[in-house]
*Asks:* 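This is the structure I want to talk about, given as structure tokens.
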2 protein chains.
Amino acid sequence: MLAIGEFSRMTHLSIRTLRRYHEAGLLEPEQVDASSGYRYYTVEQIPTAQVIHRLRELDVPLPDVRRILRSPDPDQRAALVAQHLGRLEAELARTRAAVGSLRRLLVPEPPPLEVELRAEPAATVAAVADDVDADDVIGWYAGAMAELDAVLGPTAEGPPGGLYDNALFERGRGRMVVYRPAVDPPTRGRVQPVTVPAVELVVTTHRGEHDDVDVTYGELGAWVARNALTVAGPVRERYLVGPRDTDDPDAWRTEIGWPVFRVGPRPDGGRLGR
Amino acid sequence: MLAIGEFSRMTHLSIRTLRRYHEAGLLEPEQVDASSGYRYYTVEQIPTAQVIHRLRELDVPLPDVRRILRSPDPDQRAALVAQHLGRLEAELARTRAAVGSLRRLLVPEPPPLEVELRAEPAATVAAVADDVDADDVIGWYAGAMAELDAVLGPTAEGPPGGLYDNALFERGRGRMVVYRPAVDPPTRGRVQPVTVPAVELVVTTHRGEHDDVDVTYGELGAWVARNALTVAGPVRERYLVGPRDTDDPDAWRTEIGWPVFRVGPRPDGGRLGR
DNA sequence: CTGGAGTCTCCCCCTGGGGGAGGGCCCAGA
DNA sequence: TCTGGGCCCTCCCCCAGGGGGAGACTCCAG
């Protein structure tokens with residue numbers, strides 16, 4: 001039996017960390033003295049401790065480490081690990097995107113901003129809607145669009161789009177609507193007919209990678225502010241050319257539209273009604 | 001003038017986050033109402049907010065973001081950014097190492113562990129020593145070894161080595177000694193003559209990448225425990241073949257030695273005397 | 001003038017660590 | 001069998017960089 005200090009030396013996990021892992025149910029000492037509370041480990045627990053160490057180096061959250069350790073089936077275990085390696089891949093992609101975007105930001109070649117004020121008519125579309133956390137936007141969008149495609153089939157009546165509740169940006173959670181235009185929109189699964197209301201829309205087009213889209217948002221917002229307008233409802237995006245159309249990011253075009261009121265009333269505080 | 005909610009919509013930074021950035025001195029509102037405390041921003045601050053957003057996506061700490069924003073010279077600013085990109089590189093390398101090591105750990109091909117109990121004589125060497133945090137070990141080692149090489153020159157009397165206080169593993173901070181054997185060791189800069197005491201040493205050799213070294217530590221520890229020995233002083237490593245000898249990691253050999261006492265006394269609790 | 005959306009501050013919580021205080025336990029030597 | 005000192009225990013506080021929510025005040029259009 002090994003006291004916690006000896007076990008610490010053998011595994012290169014600090015004593016404090018071992019105690020935390022005990023508390024979290026990750027690595028239970030083989031025996032705990034009932035009266036003194038002393039933790040005693042065995043040499044057979046060393047490999048487990050090392051696996052935990054590696055997983056933590058990969059920033060796998062403690063509950064997930066526990067799941068991995070407790071899954072008896074090696075295949076299932078491998079799948080859980082692979083899932084986290086996928087997460088690392090995604091994180092790397094995010095980092096790469098931020099680096100690229102930062103570079104573009106620091107070497108600004110200000111493109112002429114073309115803004116249009118347009119009266120957008122109401123339209124009934126096939127949509128998927130839900131309350132979403134800001135971090136889940138990407139994943140939720142992918143799922144919702146896939147479901148739309150599955151229900152509507154490949155023949156499109158026009159580019160897909162989305163409505164984004166301002167609370168999504170201001171408070172990190174809000175209503176999200178993803179839609180595709182359709183004649184006589186069906187009701188199936190999460191897909192429902194939704195009527196996008198008529199509105200006065202300030203519109204511009206974002207070119208290229210979506211990572212930079214907030215820059216265009218900023219420019220559009222500045223334009224709105226300078227023209228003494230005020231936001232009146234969820235922001236709209238329309239994906240004129242996107243990854244579903246071409247693999248060349250430079251060719252992508254996203255139409256961004258802000259509903260506005262002249263000066264006056266903000267009937268719903270800029271939020272998306274239900 | 002833009003209220004915080006409008007500014008939030010334009011920059012995709014949440015209201016809470018904007019308040020935090022104000023508090024941290026990252027992004028001061030152009031104007032703060034003295035009586036109400038309302039924050040008011042201008043459209044000119046949007047690009048700054050976007051740069052902050054990008055830097056935070058790269059996990060640049062808030063104080064460093066502040067430094068970057070406040071450095072007036074573009075060159076200096078670029079240098080600060082580049083520094084953080086270097087940090088990202090290092091992190092990526094660490095992640096890659098952990099992935100590789102995890103793979104090796106999960107597909108174990110248990111190499112025969114050859115352990116030797118050896119009476120190590122005392123030796124006087126040229127050494128650099130200091131108290132070091134566990135996270136700084138790599139960097140400190142590199143600096144200390146470079147200084148040793150600069151003082152001693154290229155002709156080596158034997159492989160370099162190190163002594164590692166057990167507190168380094170147990171408590172995350174401890175004394176570290178890096179040395180090179182030398183006849184008549186000089187005193188220059190941080191380099192000093194140090195006498196490594198004679199000791200009974202349990203020794204094995206780790207093969208390959210240093211990322212896996214804790215596995216060998218674990219095996220050695222298990223051997224020590226099974227033979228009813230007890231640790232008596234700082235762990236020793238000797239770098240028989242390392243990156244300074246060959247670029248092939250599979251050829252690297254690190255000798256790992258644990259000073260032990262048979263059963264009996266632990267004169268200094270396994271810590272490194274001064 | 002009024003009501004509701006917007007904003008303020010303040011406090012608590014999260015993760016995965018670390019620092020340190022105060023006190024009990026273990027065990028080799030005498 | 002006692003003793004001392006190293007080991008281990010629990011408990012509380014702190015860190016970054018966020019989020020949740022309460023309770024009160026402000027802004028502004030009708």
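Every chain is numbered from 1, with letters handed out A, B, ... down the list of sequences. All figures in this text were calculated on a predicted structure; none of them were measured in a lab.
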*Asks:* So which of residues 29-55 of chain B are in contact with DNA chain D, with a heavy-atom cut-off of under 4.0 Å?
*Replies:* B/Asp33, B/Ser36, B/Tyr38
*Asks:* Could you check which residues of residues 79-101 of chain B get a heavy atom under 4.0 Å from DNA chain D? Sort them by number, please.
*Replies:* none
*Asks:* How close or far is atom P of C/dC26 from atom CD of A/Glu6, stated in whole angstroms?
*Replies:* 14 Å
*Asks:* Counting primed atoms plus P, OP1 and OP2 as sugar-phosphate and everything else as base, spell out the protein contacts along nucleotides 15-22 of chain C at 4.0 Å heavy-atom distance: B, S or - for each nucleotide, 5' to 3'.
*Replies:* -SBSBB--
*Asks:* Heavy atoms only, 4.0 Å cut-off, all strands: where does B/Ala3 land among base, sugar-phosphate and nothing?
*Replies:* sugar-phosphate
*Asks:* Grab the CD1-C1' distance between B/Ile15 and C/dT9 for me, whole Å please.
*Replies:* 14 Å
*Asks:* I need the CE-C1' distance between A/Met1 and C/dC27, as an integer number of Å.
*Replies:* 18 Å
*Asks:* Can you check the B/Leu2 CG to C/dG6 P distance for me, whole Å?
*Replies:* 15 Å
*Asks:* Do the side chains of A/Arg104 and A/Asp212 get close enough for a salt bridge, i.e. N-O under 4.0 angstrom?
*Replies:* yes
*Asks:* Counting C-beta onward and ignoring hydrogens, is there a side-chain heavy-atom pair between B/His53 and B/Leu13 closer than 4.5 Å?
*Replies:* yes
*Asks:* Is a side-chain donor-acceptor pair under 3.5 Å present for A/Arg87 with A/His84?
*Replies:* yes
*Asks:* When you check the side-chain N and O atoms of A/Ser101 and A/Asp211, is any donor under 3.5 Å from an acceptor?
*Replies:* no
*Asks:* Residues in ring-ring contact (aromatic ring centres under 6.0 Å, His included) with A/His12, at least two apart?
*Replies:* B/Phe169, B/Tyr217
*Asks:* In plain terms, say whether B/Arg171 and B/Asp165 are close enough for a salt bridge, that is, a side-chain N and a carboxylate O under 4.0 Å apart.
*Replies:* no
*Asks:* Extract from the structure each pairing of a protein N or O with an N or O of nucleotides 2-5 of chain D at less than 3.5 Å, listing the distance.
*Replies:*
none

*Asks:* Over how many whole Å does the gap from B/Leu18 atom CG to C/dG6 atom P extend?
*Replies:* 16 Å
*Asks:* CZ of B/Phe169 versus P of D/dC7: gap in Å, rounded?
*Replies:* 15 Å
*Asks:* Which residues pass the ring-ring contact (aromatic ring centres under 6.0 Å, His included) test with A/Tyr40, sequence neighbours left out?
*Replies:* none
*Asks:* Reckon A/Arg19 has a side-chain N or O less than 4.0 Å from the OP1 or OP2 of D/dT10?
*Replies:* no
*Asks:* Is B/Glu57 paired with A/Arg94 through a side-chain N to carboxylate O contact shorter than 4.0 Å?
*Replies:* no
*Asks:* Of all the heavy-atom pairs spanning B/Met10 and A/Gly221, show the shortest one and how long it is.
*Replies:* CE-O, 3.2 Å
*Asks:* How close do B/Pro259 and B/Val235 get, heavy atom to heavy atom, and via which atoms?
*Replies:* CD-CA, 4.2 Å
